[in-house]
A.B. asks: 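Handing you this structure, nothing more for now.
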Amino acid sequence: MTTRQLPDQRQTEGGFDRLLLALDPDRDLAAERYEQLRTRLVKFFEWRGCAIPEELSDRTFDRVGGKLVRGEEIKNVRAYCVGVARMIHLEYLREVARERQIFDDTGEAAVSYDFEAAATEASRVRAFETCFAELLPDQRRYLTIYHTGEKDERIRNRKTLAGELGVAAGSLRIRMFRLRQILEACVERSLRE
Amino acid sequence: MRRFLLGAMSDAERVAVEDRFVADDELFASLTDTEDELVEAYARGELAPDEAAAFKQGLLSVPAIRRRAETLRTLHRVLERAGEAATPEPRRPWLIWGFWRYAAIGAALVLLAGVAWWSLRVEPGAKPLQAGDPRGPAAAPTPAPTLSAPSPTPLVAETDPNNPVPKRPKVEPEPSPAAPSTIATLVLAGGLTRGTGDMPVLELAPEIGLVRVQLTLEASDYTRYRVSLFDAVGRQVWRSGPVPPRGLAVLVGVPARSLRAGDYRIGLEGNNDGQYLNVDNYAFRVRVR
């Protein structure tokens, strides 16, 4: 899990300030645009299959902030960030290739990782069942409806559930994601005990 | 959208989509929706083989997406085992049990009535059953066959006290499958022990095939860890691949064949940006039964 460091720990104060100013002269709007851009960059790296998307996004902002401090003029900060992100991605691929070479002689290590996954699966299912039972009845019902059925049936169920709750499909998806996060946190706690 | 997320686009197409979604809210929302569908389809085994392979190679490398897929897969298994298949409809108390449950109960009562009638029927020319008649209920009546009802709720019915219908055997829910019996667990706290008296001991029985080792962390500072196992003379006997932390712990499975009687040291390293750094060391002793 990446430990997210606040921008003012990673960048010089000047670089971060210049970045915000480049996003919008209004500080509050700039902060909002920063968060939105960060979310997009994280997804950029995720959709390129990177294992540390948040770290790579922070590196991207570091680099763009540094360029602004050195006086570089950037007309379209968002597009510029995407360009820098592509370079950061290439550097990341080189790092991964270097690391993979280290593990070339550890075929057994790869097998042992599969053993670990198999061993914890049964405990995980049991913990999941316990945590699922601890949810409120409505929460269990919503999760069950949302995740039950084959493809077309699932789509129909979700539309009806969204109608029942009076929310849009996107909002329903977010609610179910949050419920699953609650479940996941309970399972993690349970497995640690 | 799927082609983009599964890496099936050309470089030029990919770059064009990336340049757009950073600024286009609608496109971004559409991509995140499609990602959600892909994760769920993968977790349920609904992706075509080539799509599943592309998903594993790409999106599944991302820890957050892998966790979502695992959660969905486990949730799906739990729901299957619970056998709950609700459909969204306005809740009415009398429909809570559902049509099929009432139908099953009705069918059971009809069957019980039929069994009672069969037991009481008199053949042409035969005398009615008397008490103690071996053709009577004392000769063990055939128990009613179990109905395939959606609910495991036991059904009990008694009609004539002189000719009691046998109680249907109680249907117990299927017990959860037991964890494999060839796995031992070892939980280790950090910092090498000085005295041999307080060193954790692993009793290794012959049937143990895998040792699940849980290493406690003081803090989870790294995105991935590596675990190395050294024997008493410092030889590395086993090493894991990159392992993500689970809260304040790192979990690995060490093949039992890597262990003999004696003392061992585990070296834990963490990695955030391409370089492994030493985090902690753990000691334990193996006794072979």
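Remember, predicted model here, so these are calculated numbers, not experimental data. Every chain is numbered from 1 and lettered A, B, ... according to where its sequence line falls, protein lines coming before strand lines.
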A.B. asks: Let me confirm one number: the CZ-CG distance from R180(A) to L72(B), rounded to the nearest 0.5 Å.
C.D. replies: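 If I round to the nearest 0.5 Å, the distance is 4.5 Å.
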A.B. asks: If I measure from the heavy atoms of chain A, does V15(B) come under 4.5 Å with its side chain, its backbone, both, or neither?
C.D. replies: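 Both the backbone and the side chain of V15(B) come within 4.5 Å of chain A.
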A.B. asks: Where does Q57(B) contact chain A at under 4.5 Å (heavy atoms): side chain, backbone, both or neither?
C.D. replies: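 Nothing of Q57(B), per the 4.5 Å heavy-atom cut-off to chain A.
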A.B. asks: Does any backbone or side-chain atom of T32(B) lie under 4.5 Å from a heavy atom of chain A? Answer side chain, backbone, both or neither.
C.D. replies: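 Both parts, backbone and side chain.
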A.B. asks: Looking only at heavy atoms, what is the nearest atom pair of L79(B) and L143(A), with distance?
C.D. replies: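 Heavy-atom minimum between the residues: CD1-O, 4.1 Å.
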A.B. asks: Are any of the side-chain nitrogens in R173(A) or E37(B) under 4.0 Å away from the carboxylate oxygens of its partner?
C.D. replies: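 So R173(A) does not pair with E37(B) through a salt bridge.
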A.B. asks: Heavy-atom distance under 4.5 Å to chain B: side chain of Q36(A), backbone, both or neither?
C.D. replies: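 Looking at Q36(A), just its side chain touches chain B.
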A.B. asks: Checking E184(A) against chain B: side chain, backbone, both or neither under 4.5 Å from a heavy atom?
C.D. replies: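 Just the side chain, heavy atoms under 4.5 Å.
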A.B. asks: T223(B) and E55(A): side chain to side chain contact (heavy atoms under 4.5 Å, CB included), yes or no, with the steps?
C.D. replies: CA-CA 10 Å; T223(B) 56; E55(A) 173 77 22; over 6 Å; no
A.B. asks: Which of the residues T216(B), L248(B), D33(B), T185(B) is involved in the greatest number of heavy-atom pairs with chain A at under 4.5 angstrom?
C.D. replies: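 Answer, by heavy-atom pair count under 4.5 Å with chain A: D33(B).
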A.B. asks: So which heavy atom on P53(A) is nearest to which on V62(B), and how close?
C.D. replies: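 That closest heavy-atom pairing would be CG-CG1, 4.3 Å.
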A.B. asks: Taking CG in D11(B) as the centre, count heavy atoms belonging to other residues, nucleotides or ligands within less than 6.0 Å. Is the count above 12?
C.D. replies: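 No - once you tally the heavy atoms of other residues, nucleotides and ligands closer than 6.0 Å, there are 12 at most.
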A.B. asks: Using non-hydrogen atoms and a 4.5 Å limit, figure out which bit of R48(A) sits close to chain B: side chain, backbone, both or neither.
C.D. replies: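 Answer is both: backbone and side chain atoms of R48(A) are under 4.5 Å from chain B.
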A.B. asks: Under a 4.5 Å heavy-atom cut-off, does chain A meet the side chain of L75(B), its backbone, both or neither?
C.D. replies: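 For L75(B), backbone and side chain are both near chain A.
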A.B. asks: Where do G49(A) and S61(B) come nearest, in terms of heavy atoms and distance?
C.D. replies: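 What the structure gives for the nearest pair is O-CB, 3.4 Å.
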A.B. asks: Work out which heavy atom in A51(A) is nearest to a heavy atom in P63(B); give both atom names and the distance.
C.D. replies: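 Smallest heavy-atom distance, with atoms named: O-CD, 3.1 Å.
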A.B. asks: Examine whether an atom of L37(A) lies under 4.5 Å from a heavy atom of chain B, and if so say whether it belongs to the side chain, the backbone or both; otherwise answer neither.
C.D. replies: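 It is the side chain, since no backbone atom gets that close.
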A.B. asks: Among V187(B), L31(B), L60(B), which residue has the highest count of heavy-atom pairs closer than 4.5 Å to chain A?
C.D. replies: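 Sorted descending by pairs with chain A, the first entry is L31(B).
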A.B. asks: Which is it for E129(A) and R77(B) under the side chain to side chain contact (heavy atoms under 4.5 Å, CB included) test, yes or no, and what are the steps along the way?
C.D. replies: CA-CA 9 Å; E129(A) 283 175 330; R77(B) 280 184 68 180; over 6 Å; no
A.B. asks: Does atom CZ of R20(B) have more than 12 heavy-atom neighbours from other groups under 6.0 Å away?
C.D. replies: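 No, because the 6.0 Å sphere around CZ of R20(B) holds 12 heavy atoms or fewer from other groups.
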A.B. asks: Which value, rounded to the nearest 0.5 Å, describes the distance between M176(A) atom CE and D36(B) atom CG?
C.D. replies: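 Rounded to the nearest 0.5 Å, the CE-CG separation comes out at 12.0 Å.
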A.B. asks: Using a strict threshold of under 4.0 Å (side-chain N to carboxylate O), is an ion pair present between D19(B) and R86(A)?
C.D. replies: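 Salt bridge: yes.
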A.B. asks: For the CD atom on E72(A), are there more than 12 heavy atoms of other groups (residues, nucleotides or ligands in this structure) within a distance under 6.0 Å?
C.D. replies: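 More than 12 heavy atoms, drawn from other residues, nucleotides or ligands, come within 6.0 Å of this atom.
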A.B. asks: Side chain to side chain contact (heavy atoms under 4.5 Å, CB included) between T71(B) and R124(A): does it pass, once the steps are laid out?
C.D. replies: CA-CA 10 Å; T71(B) 299; R124(A) 188 178 159 75; 3.7 Å; yes
A.B. asks: Answer with side chain, backbone, both or neither: which region of E70(B) has an atom nearer than 4.5 Å to a non-hydrogen atom of chain A?
C.D. replies: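 Both parts, heavy atoms under 4.5 Å.
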A.B. asks: Can you establish whether the number of heavy atoms outside E32(A) located under 6.0 Å from its atom CD is more than 12?
C.D. replies: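 Check fails, neighbour count at 12 or below.
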A.B. asks: Quick check on F177(A) against chain B: is it the side chain, the backbone, both or neither that has a heavy atom closer than 4.5 Å?
C.D. replies: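 Side chain of F177(A) only, per the 4.5 Å heavy-atom cut-off to chain B.
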A.B. asks: Identify the heavy atoms of R44(B) and T148(A) that sit nearest to each other, and give their distance.
C.D. replies: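 In terms of heavy atoms, the two residues are closest at NH2-C, 4.4 Å.
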A.B. asks: Any salt bridge linking R40(A) with D25(B)? Criterion: basic side-chain nitrogen under 4.0 Å from a carboxylate oxygen.
C.D. replies: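 The answer is yes: the pair qualifies as a salt bridge.
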A.B. asks: Between G149(A), A79(A), A85(A), who has the most heavy-atom pairs with chain B when the cutoff is under 4.5 Å?
C.D. replies: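 Answer, by heavy-atom pair count under 4.5 Å with chain B: G149(A).
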A.B. asks: Distance from H147(A) atom NE2 to H76(B) atom NE2, nearest 0.5 Å?
C.D. replies: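 Here the rounded value is 10.5 Å.
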A.B. asks: Sort A41(B) into side chain, backbone, both or neither according to what part of it lies under 4.5 angstrom from a heavy atom of chain A.
C.D. replies: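 When you check distances to chain A, no heavy atom of A41(B) falls under 4.5 Å.
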A.B. asks: Is a side-chain donor-acceptor pair under 3.5 Å present for E18(B) with W47(A)?
C.D. replies: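 Distance-only check fails for W47(A) and E18(B).
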